[in-house]
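These values consider heavy atoms only, across backbone and side chains, with no hydrogens, waters or symmetry-generated copies. Just so we're clear, the structure is a prediction, and the values are computed from it rather than from any experiment. A, B, ... follow the sequence lines: proteins, then strands. Residue 1 opens every chain.
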There are 2 protein chains.
Amino acid sequence: MTKNVPLPVDNRRDELVRVSARLFREKGFDGTTIRDIADAVGMRSGSPFYHFKTKQDILAAVMEEGLTAGLPAAEAIVASDLAPGPKFRALVRAHLEIVLAEGHDFIPVLLYDWRCLTPELRERVQVLRDRYDQLWQDVIDQLGAAGLLRSQGAVSRLLVMGAVNYTVLWYKPGQGLNLDQIADEVVAMFLLP
Amino acid sequence: MTKNVPLPVDNRRDELVRVSARLFREKGFDGTTIRDIADAVGMRSGSPFYHFKTKQDILAAVMEEGLTAGLPAAEAIVASDLAPGPKFRALVRAHLEIVLAEGHDFIPVLLYDWRCLTPELRERVQVLRDRYDQLWQDVIDQLGAAGLLRSQGAVSRLLVMGAVNYTVLWYKPGQGLNLDQIADEVVAMFLLP
DNA sequence: CCTACCGATCGGTAGG
DNA sequence: CCTACCGATCGGTAGG
């Protein structure tokens, strides 16, 4: 039987990515040291380099983890047969979860520390990022076609995503609006009656 | 005659602030060293500390310079007798200048590296920042009262400022829309007909 | 504002 | 994944 044969998953690597996401979000990529990361997972300072070639590779892994975790839900929403308005609300709500929920530090790190990536890594992560952005563009275009948005095109998407992503800088869990209420505000703000 | 008596301005200090703003914006606060800054103004590495006690004090000076430079124009717009719609457009346009125009790196640094400030410095800069935010809140409230906005309150301001500030991450001078066109898009996106 | 320097810390590596 | 370490660099300072 293959019962006890472990899959080739690298749990320690996953742990490093998860812990690094938290630290990068709190203190920034440049403000976090390899020793911070190693301490947080109970390793010695040289050991993270057994799993990653460089510190920047950890950063890229954090961002890719966030994107690959967020893409399926977003794809399902866009592929659904919801009307454009409810589809937009669902996408916004799912995105707020990804960006604001406890322990979801991956995409905030992407937003904060994008410029810390080397050009090569940036290019690699950009592939996934493009897929995510395209999903938003599809929904924005559907809203425009339905006459629910005053403005269209790439700039409309950037303005909407800016408003939504900026929540990272002001949302405080347990204070003010919750994620559902913020989603309602976004819909009220952007969609025509 | 008092003709050649210089005013107590510190030109070297101003130069340090301006150059630091550019470097902080390009590479981040943690990614910029005192030696980078000293080199850029033609000083030796210890000399910036003649003008500033710590590296963080330079960061605070950069942010305060941006706010004190931007406040008068914004105050004049808010105090003007423009109707709410045109007033909003004027404020957005002025803000885009502050955030996107060549050499205007102060407020982008504030947006990027806010978390790099010590709590004490953050509190000091926050005083100016509150004044700037309040100007936006005033205009947002006027829009709401005039029935030009679907949503009101502090969250509305944060969504609008998010959309506008996010331009820092995607605007490329000479490519795509210019600042006037972006202001038009923002107005079209948010204001009711 | 320069000279000369310090103690601390950094990302990363060789060898096991 | 640890031990032991390296060369480089960092923010900051004393004395002039």
Visitor: Could you check whether B/Arg115 pairs with A/Asp113 (Lys NZ or Arg NE/NH1/NH2 to Asp/Glu carboxylate O, under 4.0 Å)?
Guide: yes
Visitor: Can you list the residues that meet the side chain to side chain contact (heavy atoms under 4.5 Å, CB included) rule with B/Ala101, with sequence neighbours excluded?
Guide: B/Glu97, B/His104
Visitor: List, one per line, each side-chain donor-acceptor pair under 3.5 Å for residues 18-28 of chain B, sequence neighbours excluded.
Guide:
from	atom 1	to	atom 2	distance (Å)
B/Ser20	OG	B/Leu16	O	2.6
B/Arg25	NH1	B/Asp105	OD1	3.4
B/Lys27	NZ	B/Asp36	OD2	2.9

Visitor: Under 3.5 Å, sequence neighbours excluded: what are the donor-acceptor pairs made by side chains of residues 184-193 of chain A?
Guide:
from	atom 1	to	atom 2	distance (Å)
A/Asp184	OD1	A/Arg89	NH1	2.2
A/Glu185	OE1	B/Ser151	OG	2.4

Visitor: Using salt bridge (Lys or Arg N to Asp or Glu O under 4.0 Å) as the criterion, list what pairs up with B/Arg35, not counting sequence neighbours.
Guide: none
Visitor: Got a sec, which residues hit side chain to side chain contact (heavy atoms under 4.5 Å, CB included) with B/Gln56, two or more places apart in sequence or on another chain?
Guide: B/Phe29, B/Thr54, B/Thr118, B/Leu121
Visitor: What integer distance in Å separates A/Tyr50:OH from D/dT3:C1'?
Guide: 17 Å
Visitor: May I have all residue pairs that pass salt bridge (Lys or Arg N to Asp or Glu O under 4.0 Å) and include part of residues 149-158 of chain A, sequence neighbours excluded?
Guide: A/Asp133-A/Arg157
Visitor: Counting only non-hydrogen atoms, which of residues 16-24 of chain B are less than 4.0 Å from DNA chain C?
Guide: none
Visitor: Run the side chain to side chain contact (heavy atoms under 4.5 Å, CB included) test against B/Ser47 and tell me which residues pass, sequence neighbours left out.
Guide: B/Met43, B/Arg44
Visitor: Can you list every ring-ring contact (aromatic ring centres under 6.0 Å, His included) pair that touches residues 76-97 of chain A, not counting sequence neighbours?
Guide: A/His95-A/Tyr132, A/His95-A/Trp136
Visitor: Classify every nucleotide of nucleotides 11-16 of chain C by which part a protein heavy atom approaches to under 4.0 Å, writing B for the base, S for the sugar-phosphate alone and - for neither, in 5'-to-3' order.
Guide: BBB---
Visitor: Calculate the interatomic distance between B/Arg13 atom CZ and C/dC1 atom C1'; express it in whole Å.
Guide: 16 Å
Visitor: Taking atom P of D/dT9 as reference, at what distance in whole Å does atom CG of B/Asp36 sit?
Guide: 11 Å
Visitor: Could you write out DNA chain D as dot-bracket? Rules: Watson-Crick or G-U wobble, both distances under 3.5 Å, brackets [ ] for crossings, | for pairs with another strand, dot for unpaired.
Guide: ||||||||||||||||
Visitor: If a pair satisfies side-chain hydrogen bond (donor to acceptor under 3.5 Å, both in side chains) and one of its residues is in residues 59-70 of chain A, list it, with sequence neighbours excluded.
Guide: A/Glu64-A/Arg124
